[in-house]
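Everything on this sheet refers to the single structure shown next.
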Amino acid sequence: MDERHGTLPMQEIATVELPTRRATTRLGRWLAQGVIAGDLVVLTGGLGAGKTFLTRSVARAMGVGPEIRVTSPTFTLVHEYETVPRLVHADLYRVSDGSEVDQLLLREMRAHGAVLFVEWGEPYLRELGGDALLVKLEMSGPSRAATLVATGPRARQWSSRALPNKLMVRADDKQD
Amino acid sequence: MRILGIESSCDETAAAVVSHDGCIHSDVVRSQVSLHAPYGGVVPELASRDHIRGILPVVSEALSRAHLKLSEIDGIAVTCRPGLMGALLVGVQTAKGLAWGANKPFVGVDHLVGHLLASFLFEKDHAPDTQATFPYVALLASGGHTSLYRVDGPFPEQMRELGGTRDDAVGEAFDKVAKLLGLGYPGGPIIDQLAAQGNPEAVDVPRPMYGGKSLEMSFSGIKTFVASHVATAGRPANERQLADLCASFQAAVIKTLVKKTLLAARAETIDTVVLGGGVAANRGLRRSFQQACEKYGLKLVVPAPKRCTDNGAMIGYAGALELARGTRHDFDLGVSTHTQLLRSTRRGGGKRPNRPR
């Protein structure tokens with residue numbers, strides 16, 4: 001079993017300010033452009049912090065068309081999208097122990113080349129196969145920020161990519 | 001014709017015996033049998049997704065409550081989509097095994113088709129009070145689903161989705177708002193109860209995607225509004241404020257659902273509205289729908305709460321109709337995480353069903 005998680009210290013990569021929806025979309029596009037088969041991205045942050053929204057922008061940037069809804073998997077647990085590599089959006093909000101995570105076959109999907117975006121997944125890094133890029137979303141008033149943390153060797157490679165530099169605020173940031 | 005229906009698409013392991021006229025001979029949902037009895041069958045714990053352990057006892061229980069042996073059944077129906085891959089496989093493989101062993105025809109059923117037909121089910125010896133007639137507009141609102149459908153008949157090719165939520169399902173919004181307010185789980189009934197005592201106009205809750213003629217909906221922003229409301233104004237200090245916030249939240253959600261459903265009925269020129277899904281048990285929602293349907297001369301059909309949530313009876317019924325028209329599936333039937341129901345928008349986007357044969 002892959003035990004890389006825990007043998008390397010967590011490495012903080014960066015903190016990105018996300019004052020607008022567009023800024024979050026930009027971060028999503030950046031993630032979408034950088035993912036490779038087998039990647040694990042774990043999203044943390046309270047209710048309403050923007051985890052599903054960020055994953056939706058990743059899905060859109062990976063080519064999931066507007067006719068396909070990217071909805072919250074809180075109750076349905078796992079959503080899959082026909083992208084290359086395959087995108088799997090999971091939500092462990094309702095899960096209470098690791099054996100339930102095992103039943104969702106997420107680690108197996110990852111081993112078969114899927115990219116996993118997991119909400120509320122931080123307590124289950126081991127069950128998910130470790131080596132995750134943690135995206136910690138924080139909400140302060142209307143604004144948000146994302147802190148990127150690597151927990152393994154693959155995730156550390158994200159630090160070598162230039163962060164999206166156009167995170168400017170547009171006053172009339174419209175809903176899509 | 002008596003059909004064994006098996007359901008294992010998400011949390012509940014369920015089996016039932018139903019006739020093709022909708023009469024339920026037995027209906028067993030695992031979160032309600034002895035294992036979960038201490039919780040009163042209210043909390044469908046995730047652990048019940050441990051379908052492998054539950055499925056055979058549930059099937060035997062359904063058969064014995066119907067006073068039938070497997071050999072006396074006329075066919076087997078099973079949910080084969082949409083749902084969790086692993087969970088669906090347990091039900092489908094079980095159905096195949098039973099069908100092969102007992103030499104019975106079997107058929108895979110779309111979970112959503114089952115929900116959309118739930119209003120036709122009735123208990124043995126209890127004739128149905130109000131039954132829907134085709135065509136109707138159906139609102140399915142649960143923790144995992146919130147969509148509007150046009151239903152022209154009992155088969156999948158006669159159903160299509162007209163619109164739905166872009167982000168969170170309604171039940172999910174209720175549960176998460178209850179969590180934000182420090183209330184218990186499940187959030188729906190608690191908020192419903194508090195809302196009955198509050199002033200729905202106390203807090204100005206936004207209603208995303210409310211305006212216009214689109215049948216698309218959004219509930220994530222309402223949840224985020226409550227989160228930031230709690231962050232800035234603090235949790236409601238007293239019962240009065242809590243009830244007001246719950247009432248305002250619930251009113252915003254219900255107004256959106258009622259408006260979109262009536263809009264769909266008008267756009268499709270259909271005069272029957274059917275509710276389904278766990279959220280249809282919400283009393284505030286039922287009342288608002290009753291008032292609105294009365295006002296606009298629409299017929300409203302709301303199935304009993306236990307027919308609204310996941311159960312085997314609806315799968316058995318949908319399967320019975322399929323078997324009756326000759327549908328048979330082979331042992332190579334697979335499972336899918338996506339529904340087979342098509343979706344088309346009012347602007348003409350999306351796929352259209354094939355014209356009737």
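None of these values were measured; they are calculated from a predicted model. Chain identifiers are assigned alphabetically (A, B, ...) following the order of the sequence lines, protein sequences preceding nucleic acid strands; residue numbering begins at 1 within each chain.
For the pair B:Arg166 (side chain) and A:Val70 (backbone), a donor-acceptor distance under 3.5 Å is absent.
Annotation: the span from A:Glu80 atom CD to B:Ser336 atom OG amounts to 9.0 Å, rounded to 0.5 Å. Rounded to the nearest 0.5 angstrom, A:Glu100 CD and B:Asp50 CG are separated by 8.5 Å. For the atom pair OG of A:Ser72 and CG of B:Asp168, the computed distance is 4.5 Å after rounding to the nearest 0.5 Å. Taking OG1 from A:Thr76 and CD from B:Glu172, the interatomic distance works out to 7.5 Å, rounded to the nearest 0.5 Å. Interatomic distance, OH of A:Tyr93 versus CG of B:Asp175, reported as 7.0 Å (0.5 Å rounding).
Using a cutoff of 4.0 Å between basic side-chain nitrogens and carboxylate oxygens, A:Arg69 and B:Glu161 are scored as salt-bridged.
Smallest separation of non-hydrogen atoms from A:Leu77 and B:Cys10: CD1-SG, 4.4 Å. Shown here for B:Leu84 and A:Leu104, the closest heavy-atom pair between the two residues is CD1-CD2, 3.9 Å. Closest of all the heavy-atom pairs between A:Asp91 and B:Lys176 is OD2-NZ, 4.3 Å. In terms of heavy-atom proximity, B:Ala227 sits nearest to A:Leu47 at CB-O, 3.8 Å.
At a 4.5 Å heavy-atom cutoff, the contact between B:Thr337 and chain A is made by side-chain atoms alone. Contact of B:His145 with chain A is not made at all, since no heavy-atom distance falls under 4.5 Å. Heavy-atom distances place the side chain of B:Lys223, and not its backbone, under 4.5 Å from chain A.
Most heavy-atom pairs under 4.5 Å with chain A: of the set B:Gly86, B:Gly164, B:Ser228, this distinction falls to B:Gly164.
The neighbour count for B:Lys259 NZ, taken as heavy atoms of other residues, nucleotides or ligands under 6.0 Å away, is above 12. Enclosure of atom NE2 in A:His112 is not indicated, since only 12 or fewer non-hydrogen atoms of other residues, nucleotides or ligands lie within 6.0 angstrom. Within a 6.0 Å radius of CD1 in B:Ile52, other residues, nucleotides and ligands contribute 12 heavy atoms or fewer. Residue B:Arg53 places its CZ atom among 12 or fewer non-hydrogen atoms of other residues, nucleotides or ligands, all under 6.0 Å distant.
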